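Owing to the predicted nature of the structure, the values given are computational and were not obtained by experimental measurement. Residues take their numbers from the sequence shown, with the count starting at 1.
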Amino acid sequence: MPGGRLSQQERQQIALGLIDSLPYAEIARRLDRPTSTVTREVMRNGGPTAYRAELAHRATERRAQRRRAVTSPGATALPQEHGRDARALAEYGETFTTVLMASGLPKMAARVLTHLFITDSASLTASQLAQRLQVSPASISKAITFLEGQSLVRRERDERRRDRYVVDDELFYQATIASARANDQLVATARQGVAILGPQTPAAARLENIARFLDFISESVVRAAEQGRAVLHTGSQPAAQATGT
C-alpha cells in the first residue's frame with residue numbers, strides 16, 4: 001500500500017532501478033509509491049551508489065526496534081534541550097549521516113560529525129561521543145583521526161584537561177581550502193608526466209589538460225572561499241527569530 005512501510009521485495013526493486021539508472025520518480029511509479037518515499041529510502045540508506053536492499057531492510061528493522069524501545073513502558077529517553085522531539089531529532093541525525101556518507105565520508109566519521117553538528121555546544125568529548133553512538137572509544141578515535149585529517153574537526157582541551165572535539169564555522173573554510181590544495185600534487189604529477197611522455201603526444205596533451213583544469217578549479221574554489229569567508233561569521237539569527245515568528 002502507498003502509505004505503508006516498504007517491503008523487502010520493494011527495496012529489491014528500488015535497488016534494481018538504481019542499477020538501471022532510473023529516476024526516483026520512475027522507480028516510485030513502478031512501485032505505486034510517492035517519489036518522496038523512494039528518495040528518502042535511498043538517501044537514508046547509503047545514497048544511490050551504495051544502496052543495498054538487504055542492508056536497508058535490516059537498518060529499518062533496527063530503527064523500528066529503537067523506536068519501540070523509546071516508547072515502551074519504563075523506557076527513558078535522554079532529555080532534549082529546547083523542547084525538541086527526541087524521535088524527530090534521531091531520525092534527522094540518521095538522514096544527515098546518510099547525506100554525509102553519500103558525499104564520501106566513512107559511516108562512523110559521518111555519525112561523529114553529525115552529532116557534533118546537531119549539538120548546541122558544537123563540541124563533545126570522546127566518552128560523550130561513544131555514549132551517544134553506542135560504540136567503542138577505539139571507533140571514535142579512528143573516526144576523529146580521519147576527520148582531523150580532512151580539517152573537519154579540531155581538538156581542544158577543556159578545564160578538566162579532557163580532549164574535546166569541535167566543529168565551528170571557520171572549519172568549513174579551512175576544509176574547503178585544504179580540499180582545493182589537495183589538487184596541487186596531482187597537478188604537479190600530471191605535468192611531470194607531460195615531460196616524460198613528450199609534449200607532442202596525445203597522452204601528454206591529456207595530462208596537460210587535466211592539470212590545467214584542476215589548476216583552474218583550485219584557484220576558483222580558493223577565490224570563492226576567500227570571498228565567502230565573511231558569511232561564516234555574520235552571526236545571523238535562526239529564520240524564526242529573524243522573521244519575528
Is there a donor-acceptor contact under 3.5 Å from the side chain of [X] to the main chain of [Y]?
{"X": "E219", "Y": "F216", "result": "no"}
{"X": "R111", "Y": "L133", "result": "yes"}
{"X": "Q134", "Y": "Q131", "result": "yes"}
{"X": "T119", "Y": "H115", "result": "yes"}
{"X": "T39", "Y": "T35", "result": "yes"}

Where is the tightest heavy-atom contact between [X] and [Y], given as atom of each residue plus distance?
{"X": "A109", "Y": "F146", "answer": "CB-CD2, 3.8 Å"}
{"X": "T176", "Y": "A225", "answer": "CG2-CB, 4.0 Å"}
{"X": "A110", "Y": "L100", "answer": "O-CD1, 3.6 Å"}
{"X": "V221", "Y": "A180", "answer": "CG1-CB, 3.9 Å"}
{"X": "A143", "Y": "V112", "answer": "CB-CG2, 3.9 Å"}
{"X": "L197", "Y": "A203", "answer": "CD1-CB, 3.8 Å"}

Are [Y] and [X] linked, directly or through intermediate hydrophobic residues, by side-chain heavy-atom contacts shorter than 4.5 Å (ILVMFWY only)?
{"X": "V222", "Y": "F213", "result": "no"}
{"X": "L18", "Y": "L16", "result": "no"}
{"X": "I177", "Y": "V153", "result": "yes"}
{"X": "I217", "Y": "L186", "result": "yes"}

Side chains of [X] and [Y]: do they bring a donor and an acceptor to under 3.5 Å?
{"X": "T125", "Y": "R162", "result": "no"}
{"X": "E156", "Y": "Y165", "result": "no"}
{"X": "S139", "Y": "S136", "result": "yes"}

- Task: Check the surroundings of atom CZ in F117: do more than 12 heavy atoms from other residues, nucleotides or ligands lie under 6.0 Å from it?
- Result: yes
Within the 4.5 Å heavy-atom criterion, are [X] and [Y] side-chain neighbours or not?
{"X": "T201", "Y": "V194", "answer": "no"}
{"X": "R33", "Y": "I27", "answer": "no"}
{"X": "D215", "Y": "R191", "answer": "yes"}
{"X": "V166", "Y": "R155", "answer": "no"}
{"X": "Y24", "Y": "P48", "answer": "yes"}
{"X": "N45", "Y": "L55", "answer": "no"}
{"X": "L207", "Y": "Q192", "answer": "no"}
{"X": "L152", "Y": "L105", "answer": "yes"}

[X] [atom1] to [Y] [atom2] distance, which is reported to the nearest 0.5 Å:
{"X": "L31", "Y": "E26", "atom1": "CG", "atom2": "CD", "answer": "10.0 Å"}
{"X": "L124", "Y": "I144", "atom1": "CG", "atom2": "CD1", "answer": "9.0 Å"}
{"X": "Q174", "Y": "S151", "atom1": "CD", "atom2": "OG", "answer": "7.0 Å"}
{"X": "M101", "Y": "R44", "atom1": "CE", "atom2": "CZ", "answer": "13.0 Å"}
{"X": "Q150", "Y": "T145", "atom1": "CD", "atom2": "OG1", "answer": "12.0 Å"}
{"X": "Q8", "Y": "Q13", "atom1": "CD", "atom2": "CD", "answer": "12.0 Å"}

- Message: R157: which residues meet the salt bridge (Lys or Arg N to Asp or Glu O under 4.0 Å) condition with it, sequence neighbours left out?
- Response: D163
- Message: For a salt bridge (Lys or Arg N to Asp or Glu O under 4.0 Å) check, start with the C-alpha distance between E148 and R154, then their side-chain angles and the critical distance, and finish with the verdict.
- Response: CA-CA 6 Å; E148 285 184 314; R154 62 180 171 82; over 6 Å; no
- Using the test ring-ring contact (aromatic ring centres under 6.0 Å, His included), find all partners of Y92 that sit at least two apart in sequence or belong to another chain. F96
- Take E54 and Q12 through the side-chain hydrogen bond (donor to acceptor under 3.5 Å, both in side chains) test and state the conclusion after the steps. CA-CA 8 Å; E54 180 65 26; Q12 290 170 348; 5.5 Å; no
